[in-house]
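One structure below.
These numbers come from a predicted model, not from an experiment. So that the names make sense, note that chain A is the first sequence line, chain B the second, and so on, each numbered from 1.
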Number of protein chains: 2
Amino acid sequence: MNLRDLRYLLAVLEHGHFGRAAEACGVSQPTLSVQLRKLEAELGVALLERGARGVSATAACRRLLPHVQAAVAEADAIQAEARSLRDPLSGPFRLGIIPTLAPYLLPRVLAGLRARLPNLEIEPWEDLTDSLLERLRAHDLEACVIATEPDQPDLLSRQLFAEPFLAALPPAHPLADCATVAESELARDILVLAEGHCLRDQALAVCRTAASQPMRAMSLVTLMHLVAAGYGTTLIPALAAAAAREMGLVVRPLALGALRTLRLVWRVRSPHRAAAEAVAESIIALVDREFATSR
Amino acid sequence: MNLRDLRYLLAVLEHGHFGRAAEACGVSQPTLSVQLRKLEAELGVALLERGARGVSATAACRRLLPHVQAAVAEADAIQAEARSLRDPLSGPFRLGIIPTLAPYLLPRVLAGLRARLPNLEIEPWEDLTDSLLERLRAHDLEACVIATEPDQPDLLSRQLFAEPFLAALPPAHPLADCATVAESELARDILVLAEGHCLRDQALAVCRTAASQPMRAMSLVTLMHLVAAGYGTTLIPALAAAAAREMGLVVRPLALGALRTLRLVWRVRSPHRAAAEAVAESIIALVDREFATSR
DNA sequence: ATGTCATCATAGATTGGCTCTATCGGAGGG
DNA sequence: CCCTCCGATAGAGCCAATCTATGATGACAT
């Protein structure tokens with residue numbers, strides 16, 4: 001069976017006339033005669049009642065008609081949808097982002113991304129680095145933003161910006177009065193995120209210490225609440241500084257100015273690389289220059 | 001655009017592999033390569049991401065997929081409907097049956113069904129009620145026999161026969177000497193099937209008790225073996241009585257005579273409704289009247 | 001009645017595209 | 001670094017859709 005023949009059938013039913021239907025289809029009248037006879041033979045059912053004065057549908061044809069129309073309509077829908085997807089910078093784009101970045105980066109860039117890439121439907125997906133890379137390789141994400149450098153050869157990445165780490169302290173903390181905080185001082189009572197967060201490893205590396213606290217904070221917000229409640233100090237990425245200050249924390253630069261580098265990662269042969277690169281460029285352009293050293 | 005190419009696309013997506021998809025379609029691998037490249041060119045959209053280890057759908061493809069599936073499904077519906085218009089009582093007929101009924105009902109009726117409906121190619125499919133109904137609605141089955149009443153408005157059903165429940169006991173059991181077994185007595189050490197079997201729920205309801213045993217019996221045969229080995233008693237449907245006796249069990253009627261009602265279920269607008277009704281009539285006529293109260 | 005018109009069916013030639021076999025090229029894995 | 005797997009490409013062959021030209025049939029009018 002062929003979509004073309006189904007269209008022929010619909011045309012003949014619509015016009016009630018082989019000749020005019022053929023004209024509407026842009027083919028000759030014998031073509032319709034032959035093809036529709038073949039269709040009837042293939043289905044084993046008479047579809048058309050050929051009268052001397054025009055053509056009408058048989059009862060069987062009326063029974064099939066809804067499916068015929070639906071099939072043709074779906075085919076048309078495929079073409080219509082494809083037309084709107086033809087632009088490489090359009091269509092759904094599932095973007096993974098690590099949890100220590102997502103809530104602070106997305107509000108700053110989402111509106112701008114929509115403005116710059118109006119046909120790209122960005123669907124953010126928040127998860128830990130390993131899960132993101134797994135999903136990326138399983139084609140469940142088109143790209144993701146992470147703070148480490150993926151060394152898999154099937155992935156490409158583009159540096160977005162560098163984000164300094166800052167010390168977050170309770171106001172009453174002795175270090176709160178210093179203009180900058182020494183990493184070794186911060187290490188004394190630092191609280192870090194649960195395993196799996198790259199920020200955990202990076203914070204411990206910056207402070208050259210190991211985790212000791214018994215708690216298991218799954219989000220930066222939790223961690224900052226703990227600090228605000230006086231349970232210790234922590235190290236936050238710069239984009240989270242505003243949120244930390246709003247929670248009453250004191251935020252100070254680190255003495256040695258450690259930072260993390262955010263990258264956009266995608267599959268090396270992804271058909272969405274053009275969109276990924278456009279997303280990367282847009283994010284670079286949109287992120288506040290206050291702290292960010294782009295590229 | 002061509003329905004055939006859409007089927008090729010679905011096959012490649014399903015198998016994730018051009019070679020195997022080609023085999024499934026009955027064509028050569030280059031055919032799929034060429035045709036799908038053409039389809040992509042025609043739509044102006046990359047549909048497949050060809051990796052070294054298999055093929056997957058692009059985001060655009062995922063967007064188009066529902067329409068592709070719908071178009072192919074409608075084409076199949078046309079053929080199915082045409083076939084049923086040609087001869088409603090012919091063609092493949094996938095018949096789902098619950099596991100507590102299939103091995104006892106099928107031997108009694110299959111030959112008779114073939115004799116009464118020689119052009120209907122009945123393909124039995126055994127599964128739990130929920131899976132059967134799911135498959136029925138997904139057009140993977142034409143009808144199914146279950147022991148509960150489906151309340152979905154897109155399904156129709158026809159009562160087949162009522163099947164009494166019977167107590168199955170080890171010969172040495174105290175209740176084995178009674179002419180009838182009281183449900184409350186049976187409840188004391190009743191063994192029931194695993195979750196998902198409607199017979200499990202019905203047995204527990206009949207005995208007004210809750211399951212307590214640690215074992216997880218996936219078939220009536222297993223259950224009867226356990227009873228034969230003296231682990232307890234159980235409740236079986238009447239058609240399984242002969243099998244139970246052959247395993248050395250004692251079978252007794254229940255005091256209150258509980259029973260289950262078997263029904264044939266099909267989709268309300270199925271092109272196979274005539275065949276389904278003929279199957280129902282035939283089963284009713286064929287089932288042994290010994291215990292069955294046919295409508 | 002019979003010619004005429006309208007309409008669909010048929011015949012034979014042509015063309016285009018689908019499919020095949022054979023082979024290439026590239027990417028991973030050992 | 002070689003080997004294997006898998007998709008892409010090339011070129012030939014064949015089938016089917018289409019065209020033009022013509023036939024067949026029934027309605028209608030004179």
### Message
With a 4.0 Å cutoff (strictly under), does any side-chain N or O of B/H17 reach OP1 or OP2 of D/dC5?
### Response
no
### Message
What is the distance, to the nearest angstrom, from the CD atom on B/E49 to the P atom on C/dA27?
### Response
14 Å
### Task
Using the side-chain hydrogen bond (donor to acceptor under 3.5 Å, both in side chains) rule, collect all pairs that involve residues 24-37 of chain A, keeping only residues at least two apart or in two chains.
A/D5-A/Q35, A/S28-A/T31, A/Q29-A/S33
## Note on the structure
Contacts of A/H139 meeting side-chain hydrogen bond (donor to acceptor under 3.5 Å, both in side chains) (sequence neighbours excluded), chain-then-number -> B/S56
## Note on the structure
Whichever of B/S28 and A/R20 has the more 5' nearest nucleotide on DNA chain C, that residue is A/R20
### Query
If you measure from the Lys or Arg side-chain nitrogens to the Asp or Glu carboxylate oxygens, is any gap between B/R83 and A/E42 under 4.0 Å?
no
### Message
Tell me every residue that passes salt bridge (Lys or Arg N to Asp or Glu O under 4.0 Å) with A/R4, counting only those two or more places apart in sequence or in another chain.
### Response
none
### Query
Is A/E277 salt-bridged to A/R158, going by a charged N under 4.0 Å from an acidic O?
no
### Message
Between B/R86 (side chain only) and A/L43 (backbone N and O only), is there a donor and an acceptor less than 3.5 Å apart?
### Response
yes
### Message
Within residues 33-40 of chain B, which residues have any heavy atom lying less than 4.0 Å from an atom of DNA chain D?
### Response
B/S33, B/R37
### Message
Expressed as a whole number of angstroms, how long is the span from B/F18:CZ to C/dT19:C1'?
### Response
16 Å
### Task
Provide, to the nearest angstrom, the distance between the CD atom belonging to A/Q29 and the P atom belonging to D/dA17.
17 Å
### Message
Expressed as a whole number of angstroms, how long is the span from A/Q152:CD to C/dA27:P?
### Response
18 Å
### Task
Measure from CG on A/L32 to P on C/dT10 and round the result to the nearest Å.
14 Å
### Query
Does any N or O in the side chain of B/R50 come within less than 3.5 Å of the main-chain N or O of B/L48, such that one atom is a donor and the other an acceptor?
yes
### Query
Atom CD of A/E42 to atom C1' of D/dA17: distance rounded to whole Å?
14 Å
### Task
Check the distance between D/dC15's C1' and A/N2's CG and give it to me in whole angstrom.
14 Å
#### Entry: Distance test, side-chain N/O of B/R50 to OP1/OP2 of D/dA8, below 4.0 Å
yes
Ignoring hydrogens and angles, write down the donor-acceptor pairs under 3.5 Å from the side chains of residues 112-134 of chain A, residues two or more places apart or on other chains.
residue, atom, partner, partner atom, Å
A/E121, OE1, B/R63, NH2, 2.5
A/E121, OE2, B/R63, NH2, 3.1

### Message
Contact list please: residues 4-14 of chain B against DNA chain C, heavy atoms, distance less than 4.0 Å, in numerical order.
### Response
B/R4, B/Y8
#### Entry: CZ on B/R7 to CG on B/N2, rounded to 0.5 Å
10.0 Å
### Summary
Whole-Å distance, A/H15 NE2 to C/dA6 P, equals 19 Å
### Query
So, is B/T31 close to the C/dC18 phosphate, meaning a side-chain N or O under 4.0 Å from OP1 or OP2?
no
